[in-house]
A.B. asks: 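Would you mind keeping the following structure in view while I ask a few things?
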Amino acid sequence: MFTQKRNRIVCGIIFLGFFLFSALYAPAAVEDSARWLPADTMVMVHLESVNQAREKFKETSYYDLYKDPAMQLFMAPAEENIRAKMDEMMKELWQEMKLENPPQSFPWPQGRIMAAFFVQERGFMVPDFSNVDFEQIGDDFDVEKLPKREYRAPDFQVVVLADMGENADSAKKLARQIMAVAVEEGQVRQKKKIRSVEINIIKDNVEVDENYDTLCFGFKDNWLIAGSSMKYINEVVMRMEGSGGETLARQSGFITMSRTLTGSDLFCYVNAQAIKDIIIAMAPAEEKSRAGQMMQTLGFDNVYGLGLSAQVAAKQNEDVRIKVLLGIQGEKRGIPALIAPATRSTQPGRLLTEDLASFVVAHYDPGRIYDGIQKLVMETSNYNIDMVLQGAMAGTGESVSGTPPVDLRKDVFEQMASPLTMIGYIDTPIVDINSSKSLFAIGVKDSKTLDAALGRLHSAYIAMGNSELQRKLLNHTIYILPESTIFDALMMAPPPSGNGPRIQAGFTVTNDNLIYSEVKKVEQEIRNLQKEATTSINADKMFQYASRYLPAQAGTYGYQNNQKQAELIWKVILQIAQEVKEAGSEDPFISPWNAVFEEIELEKYCNLNDLPEFNIIKHHFGANVAYVISDEKGIYMETISLKNPF
């Protein structure tokens, strides 16, 4: 029987092809495609040309690594095994669908692909448990005999359009075979004409809901049109035929987004207005006003959309450039105001030294964020978190001396300042794969006030009389966190395998920063303060090259040396390969990546021992830079993956 499972498989193949290629390339004329979509489209994703995507990918460092002669001992058998597995899966699919003469290869799209996602409120009939006494339910209880009630929920639908190019005839032949099987097996099968386009409809479970699990597909010239909703198929086809109502292309938010994120290959737009409309529509009548007010309080009423675009190998030194815009019209309020960073210089500070592997600098004021969260919670729930948190500070006061408890807002958050800095270190050459370190820092306004407050918090709630959890070094106090604390678990956790020494984390307050890292790194930073100067990241030739792609000012900016990061990953993989070789068992994956590799059955497709040493292929790895700017259009982010120029 042509079951709903098979319908989903067919849709899955279409969507899989779309998502595989959308990561590589996309639109030259986004607004032209948007003219085919109704104005209430919730999400639009656009891919300009599949064939062109393949060619663009060949210009990237990733393709160069894939084709490197040193990689072929590993890649050639892996690629052969993966292709064989895909052929096997395709044959199984044809057998399940009972196709007598299946195509030798799946007819993938060759030109443009676009997908549109929609959401609408829909009523579902569900069993009514309101009068059921669950304590009296016996073995003979039959849920099917319960009365039904209507349950309102969002109903998500998708429409995909794909230019099949030279594969159009093969795709049409496959479609006819699918329809023939559906007719033969007694499925509900219909045809509907929309202007010049004939749409085939296959339905499952029509007894339950005639609109449930519908697969609709047809062709307009070389275009495959497929989706889960005849309603939206109709709206799209009517616009393709030159008629229909308002289009996404004329929506002001979409216009702003598409013209801001220009020059892209991949484009995605999330229509915030469509999401807000469905939220309000689904709210009970008495809550609709409240829902609108809540959006306004949270600051989402000014958000019109989220856009993403990507360029692949657009310039000689670039692999991928990704742009993201959270579109905000007018004043930033509520949550958007909290996440919008202040604009500052991107000139590296003293914490950014030559030995780092990555960093992120974010210009946020912790005091302002604390006040903003407090205000939002009060306005949305009338709950005063400041009073609750302050009540928890009682243990930091001293009744004998009359010292009041620590004031979290005044003594802690107001004494913190921009920027927030996150730094990653990788010791090179890499000997121990567990030697990577992280450091977190927050700017300080009044170091004495902050140090005193954190010291009292540490003594009252962490050290609790254990003198070994505090130590002095060069007039600085290092506050050590026991291994059982949540900070250690989240940030300085031991290796997942349990091998190697457990990392001990701690923090200290300097004149300029609150620094949190493993204790040895905190000690090193305190000693660095005694030096007249440290070697800046500006001295690193990879950063010198990558920093040219950063603006002079930004709210947040970051850098990653991909060569250092890749070397660490490579060392992990080679160590796994060595463990596999030495174990010689049927279940050899004894590394921290055990579960991952077992899940994908990696050993069936490739041999990790065939990978070359990293030094042979390290020239394929360059750097990443990223930055965030808050301006009149909203919150804009750009990240660029750069080739290695050396």
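Just so it is clear, the values below take in all heavy atoms, side chains as well, and ignore hydrogens, waters and symmetry mates.
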A.B. asks: For Gly506 and Tyr516, which heavy atoms make the closest approach, and how far apart are they?
C.D. replies: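 Closest heavy-atom pair between Gly506 and Tyr516: O-CD1, 3.3 Å.
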A.B. asks: Answer yes or no: is there a side-chain heavy-atom contact under 4.5 Å between Cys606 and Asn81?
C.D. replies: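 Contact flag for Cys606/Asn81 side chains = no.
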A.B. asks: What distance do Leu37 atom CG and Phe117 atom CZ have between them, rounded to the nearest 0.5 Å?
C.D. replies: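 Rounded to the nearest 0.5 Å, the CG-CZ separation comes out at 11.5 Å.
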A.B. asks: Apply side chain to side chain contact (heavy atoms under 4.5 Å, CB included) to the pair Tyr425 and Phe359, showing each step before the final yes or no.
C.D. replies: CA-CA 9 Å; Tyr425 300 90; Phe359 71 82; over 6 Å; no
A.B. asks: Partners of Lys332 by side-chain hydrogen bond (donor to acceptor under 3.5 Å, both in side chains), sequence neighbours excluded?
C.D. replies: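 side-chain hydrogen bond (donor to acceptor under 3.5 Å, both in side chains) list for Lys332, sorted by chain: Ser630.
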A.B. asks: Can you list the residues that meet the side-chain hydrogen bond (donor to acceptor under 3.5 Å, both in side chains) rule with Thr421, with sequence neighbours excluded?
C.D. replies: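 Once residues adjacent in sequence are excluded, Thr421 has no partner under the side-chain hydrogen bond (donor to acceptor under 3.5 Å, both in side chains) criterion.
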A.B. asks: With a 4.5 Å limit on heavy-atom distance, are the side chains of Met164 and Gln110 in contact?
C.D. replies: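 In short, these two side chains do not touch, never coming nearer than 4.5 Å.
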A.B. asks: Contact between Leu439 and Ile515 at the side-chain level, heavy atoms closer than 4.5 Å - yes or no?
C.D. replies: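 In short, these two side chains touch, coming nearer than 4.5 Å.
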A.B. asks: Taking only residues two or more places apart in sequence or in another chain, which ones pass ring-ring contact (aromatic ring centres under 6.0 Å, His included) with Tyr304?
C.D. replies: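 Expected list: none.
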A.B. asks: By side-chain hydrogen bond (donor to acceptor under 3.5 Å, both in side chains), which residues pair with Lys521, not counting sequence neighbours?
C.D. replies: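 Result, side-chain hydrogen bond (donor to acceptor under 3.5 Å, both in side chains) vs Lys521: none returned.
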A.B. asks: Is the closest side-chain donor-acceptor distance between Ser33 and Arg112 under 3.5 Å?
C.D. replies: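 Side-chain D/A pair, Ser33 to Arg112: present.
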A.B. asks: What residues form a side chain to side chain contact (heavy atoms under 4.5 Å, CB included) with Leu65, not counting sequence neighbours?
C.D. replies: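 Leu65 satisfies side chain to side chain contact (heavy atoms under 4.5 Å, CB included) with Met71, Ile617, His620, Phe621 only.
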A.B. asks: Only pairs at least two apart or in different chains count here, so list each salt bridge (charged side-chain N to carboxylate O under 4.0 Å, His left out) that has a residue in residues 621-644.
C.D. replies: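 Listed once each, the pairs are Arg321-Glu638.
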A.B. asks: Restricting to non-hydrogen atoms, name the atom on Asn644 and the atom on Lys618 that form the minimum distance, rounded to 0.1 Å.
C.D. replies: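 Closest heavy-atom pair between Asn644 and Lys618: ND2-O, 4.0 Å.
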A.B. asks: Rounded to the nearest 0.5 Å, how far apart are CD1 of Ile255 and OG1 of Thr260?
C.D. replies: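 Result: 11.0 Å between the selected atoms.
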A.B. asks: Please tell me if the side chains of Asn513 and Ile442 come closer than 4.5 Å, counting only heavy atoms from C-beta onward.
C.D. replies: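 SC-SC contact between Asn513 and Ile442 ruled out.
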A.B. asks: Would you indicate whether Gln316, at its atom CD, is surrounded by more than 12 heavy atoms from other residues, nucleotides or ligands within a distance under 6.0 Å?
C.D. replies: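 Incorrect, the count does not exceed 12.
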A.B. asks: Report yes or no: is the cationic atom of Lys571 (NZ for Lys, CZ for Arg) under 6.0 Å from the centre of the six-membered ring of Phe614, at an angle within 45° of the ring normal?
C.D. replies: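 Checked: cation-pi criterion not met.
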A.B. asks: Which heavy atom in Pro348 sits nearest to a heavy atom in Leu352, and how many Å separate them?
C.D. replies: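 Here Pro348 and Leu352 meet closest at CB-CD1, 3.7 Å.
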A.B. asks: Going from CZ on Phe57 to OH on Tyr63, what distance comes out if it is rounded to the nearest 0.5 angstrom?
C.D. replies: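 It comes to 8.5 Å.
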A.B. asks: Under the side chain to side chain contact (heavy atoms under 4.5 Å, CB included) rule, collect the residues that match up with Glu55, sequence neighbours excluded.
C.D. replies: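 Result, side chain to side chain contact (heavy atoms under 4.5 Å, CB included) vs Glu55: Lys58.
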A.B. asks: How about Ser228 and Phe156: do any of their side-chain heavy atoms sit closer than 4.5 Å?
C.D. replies: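 Contact flag for Ser228/Phe156 side chains = no.
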A.B. asks: Just checking Glu613: does its CD atom have more than 12 heavy atoms from other residues, nucleotides or ligands closer to it than 6.0 angstrom?
C.D. replies: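 12 or below, so no.
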A.B. asks: Can you give me the closest heavy-atom contact between Ala623 and Met542, atom names plus distance?
C.D. replies: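 Closest approach of Ala623 to Met542, heavy atoms only: CB-CG, 4.0 Å.
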A.B. asks: If you define the side chain from C-beta out and look only at heavy atoms, does anything of Tyr549 sit under 4.5 Å from Asn317?
C.D. replies: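 They are in side-chain contact.
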A.B. asks: Quick one: which residue pairs count as a salt bridge (charged side-chain N to carboxylate O under 4.0 Å, His left out) with a foot in residues 60-83, not counting sequence neighbours?
C.D. replies: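 Found Glu79-Arg83.
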A.B. asks: Verify, without hydrogens or angle tests, whether Asn167 (side chain) and Trp108 (backbone) share a donor-acceptor contact under 3.5 angstrom.
C.D. replies: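 Looks like yes, one N/O pair under 3.5 Å.
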A.B. asks: Between the side chain of Ser358 and the main-chain N/O of Tyr559, is any donor-acceptor distance below 3.5 Å?
C.D. replies: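 No.
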A.B. asks: Can you name the salt bridge (Lys or Arg N to Asp or Glu O under 4.0 Å) partners of Arg35, sequence neighbours left out?
C.D. replies: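 Per chain and number, Arg35 pairs via salt bridge (Lys or Arg N to Asp or Glu O under 4.0 Å) with Asp32.
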A.B. asks: Looking only at heavy atoms, which two atoms of Pro551 and Thr346 are closest? And how far apart?
C.D. replies: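 Of all heavy-atom pairs spanning Pro551 and Thr346, the closest is O-OG1, 2.6 Å.
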A.B. asks: For Gln544 and Asn538, what are the C-alpha separation, side-chain angles and deciding distance, and is it a side chain to side chain contact (heavy atoms under 4.5 Å, CB included)?
C.D. replies: CA-CA 6 Å; Gln544 290 175 9; Asn538 285 322; 5.6 Å; no
A.B. asks: Stepwise, does the side chain to side chain contact (heavy atoms under 4.5 Å, CB included) test hold for Val45 with Met114?
C.D. replies: CA-CA 6 Å; Val45 186; Met114 54 183 285; over 6 Å; no
A.B. asks: How far does CG of Leu356 sit from CG of Asp540, to the nearest 0.5 angstrom?
C.D. replies: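 With rounding to 0.5 Å, CG (Leu356) is 7.5 Å from CG (Asp540).
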A.B. asks: Which residues satisfy the side chain to side chain contact (heavy atoms under 4.5 Å, CB included) test with Glu59, sequence neighbours excluded?
C.D. replies: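 So Glu59 forms a side chain to side chain contact (heavy atoms under 4.5 Å, CB included) with Lys56, Ala313.
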A.B. asks: Decide yes or no for Lys323 and Leu308: does some side-chain heavy atom of the first lie under 4.5 Å from some side-chain heavy atom of the second?
C.D. replies: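 They are not in side-chain contact.
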A.B. asks: Would you compute the distance between atom OG of Ser418 and atom OH of Tyr364 and round it to the nearest 0.5 angstrom?
C.D. replies: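 Between Ser418 OG and Tyr364 OH, I get 10.0 Å after rounding to 0.5 Å.
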A.B. asks: Might you point out which heavy atoms bring Val522 and Thr508 nearest each other, and give the distance in Å?
C.D. replies: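 Closest heavy-atom pair between Val522 and Thr508: CG1-CG2, 3.6 Å.
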A.B. asks: Nearest 0.5 Å, what's the OH-CG distance between Tyr627 and Leu550?
C.D. replies: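 Rounded to the nearest 0.5 Å, the OH-CG separation comes to 8.5 Å.
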A.B. asks: Could you tell me if the side chain of Tyr557 sits less than 4.5 Å from the side chain of Val625, heavy atoms only?
C.D. replies: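 Contact flag for Val625/Tyr557 side chains = no.
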A.B. asks: Determine whether the side chains of Ser258 and Glu31 contain a donor N or O and an acceptor N or O closer than 3.5 Å.
C.D. replies: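 There is such a pair between these side chains.
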A.B. asks: Is a side-chain donor or acceptor of Asn561 paired with a backbone partner of Ala357 at a separation under 3.5 angstrom?
C.D. replies: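 Not confirmed, Asn561 side chain does not pair with Ala357 backbone.
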A.B. asks: Quick one: list whatever passes side-chain hydrogen bond (donor to acceptor under 3.5 Å, both in side chains) with Asn624, sequence neighbours left out.
C.D. replies: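 If we apply the side-chain hydrogen bond (donor to acceptor under 3.5 Å, both in side chains) test to Asn624, skipping adjacent residues, the hits are Asn562, Ser641.
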A.B. asks: Could you check His363 against Thr343 for side chain to side chain contact (heavy atoms under 4.5 Å, CB included), going step by step and ending with a plain yes or no?
C.D. replies: CA-CA 7 Å; His363 291 287; Thr343 301; over 6 Å; no
A.B. asks: I'd like to check the side chain to side chain contact (heavy atoms under 4.5 Å, CB included) partners of Leu326; sequence neighbours left out, ordered by chain and number.
C.D. replies: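 Once residues adjacent in sequence are excluded, the partners of Leu326 under the side chain to side chain contact (heavy atoms under 4.5 Å, CB included) criterion are Val303, Leu306, Ile328, Ile339, Ile635.
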A.B. asks: Do other residues, nucleotides or ligands put more than 12 heavy atoms under 6.0 Å from the CE atom of Met422?
C.D. replies: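 It does: Met422 CE has more than 12 such atoms within range.
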A.B. asks: How far apart are the C-alpha atoms of Thr353 and Asp355, what are their side-chain angles, what is the distance that settles it, and do they pass the side-chain hydrogen bond (donor to acceptor under 3.5 Å, both in side chains) test?
C.D. replies: CA-CA 6 Å; Thr353 53; Asp355 58 337; 2.5 Å; yes
A.B. asks: Is the closest side-chain donor-acceptor distance between Asn271 and Thr41 under 3.5 Å?
C.D. replies: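 No, no side-chain donor-acceptor contact under 3.5 Å.
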A.B. asks: Without hydrogens or angle criteria, can the side chains of Asn51 and Ser49 be said to hold a donor-acceptor pair below 3.5 Å?
C.D. replies: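 No, Ser49 and Asn51 have no side-chain donor paired with an acceptor closer than 3.5 Å.
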